[in-house]
Amino acid sequence: MTVAVYPGSFDPVHYGHIDIAKRAAALFDHLIVAVFDRPQKNVLFTVEERLGMWREALKDVPNAEARAYGILTVDFVRQMNASVIVRGLRVISDFEVEIQMAFITRKLAPDIDMVCLMTSLEYAFISSSIVKEVARAGGPVNEFVPPQVERALRTRLSPEQ
Ligand code: ADP
């Protein structure tokens, strides 16, 4: 049985992420979406909120689950008895980041391999930071994120917050 881990900060979860997760779940026996609890960048949503977004998004995917983690990704992957790390690629700049990650992963854990899935064309321009920027400016984000994430963005970014 091949277990794969899809790690990220997912702040917030958007359709590009969900597309990668669903396609990875179709490729591997079990998929664990791993939500990094305290990334170096500033996050808008708590790890519990980001986990909640994934649990809702994955409710129809029986072989996928979401978990939080706060340790080195390769250590988490080993803890989960997984052997594959899944990442998504949109543009060349993603490739530069991911190949560096792949090299360091190979150095730290030669038993773990990294698989990158190309984004689907319709999601190629979506990123969590673009979604937040549009939402902050009061623009529509319904084509980028599921309704529950849209609601969460609206609540978090409302002037009373
Ligand atoms: P990071 O892990 O660098 O904080 P994210 O949490 O936003 O970044 O993304 C997690 C993973 O999902 C990364 O591999 C990223 O390249 C990928 N990803 C982000 N947006 C998309 C998209 N629109 N299509 C495909 N993959 C994506």
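First listed ligand is number 1; within each ligand, the first listed atom is number 1. Given the structure is predicted, the values throughout are model-derived calculations rather than measurements.
Counting non-hydrogen atoms of other residues, nucleotides and ligands closer than 6.0 Å to CD of Glu143 gives a total of 12 or fewer. Other residues, nucleotides and ligands place no more than 12 heavy atoms under 6.0 Å from the CZ atom of Phe95.
Of all protein heavy atoms, the one lying nearest to atom 24 (N) of ligand 1 is Thr119 OG1, 2.9 Å. Of the protein's non-hydrogen atoms, the one nearest atom 18 (N) of ligand 1 is His17 CD2, 3.9 Å. For atom 3 (O) of ligand 1, the closest non-hydrogen atom of the protein is Arg87 NH2, 3.5 Å.
Proximity of Glu98 to ligand 1 is established by a heavy-atom distance of less than 4.0 Å.
Using a 4.5 Å heavy-atom threshold, the side chains of Val13 and Ile18 count as touching. A heavy-atom distance below 4.5 Å is not found between the side chains of Val3 and Asn81.
The atoms of ligand 1 that sit less than 4.0 Å from any heavy atom of Ser9 are 1 (P), 2 (O), 4 (O), 6 (O). Within ligand 1, counting atoms from 1 as listed, the ones closer than 4.0 Å to a heavy atom of Tyr123 are 22 (C), 23 (N). Each of the atoms 20 (N), 22 (C), 23 (N) of ligand 1 lies under 4.0 Å from some heavy atom of Ile126. Remark: ligand 1 atoms within the under-4.0 Å shell around heavy atoms of Gly88 are 14 (O), 15 (C), 16 (O), 17 (C), 26 (N).
Heavy atoms of Arg90 found under 4.0 angstrom from ligand 1 belong exclusively to the side chain. Residue contacts with ligand 1 for Tyr6 involve side-chain atoms from C-beta outward but no N, CA, C or O (heavy atoms, distance under 4.0 Å).
Atom OG1 of Thr155 sits about 10.5 Å away from atom CD of Glu150, to the nearest 0.5 Å. Between the OG atom in Ser129 and the CZ atom in Arg136 there is a gap of 9.5 Å [rounded to 0.5 Å].
Aromatic ring orientation, Trp54 versus Tyr6: perpendicular (interplanar angle above 60°, classes split at 30° and 60°).
With no hydrogens or angles considered, a side-chain donor-acceptor pair links Arg23 and Ser120 at under 3.5 Å.
Looking at ligand 1, you'll find an N or O of Phe10 within less than 3.5 Å of one of its N or O atoms.
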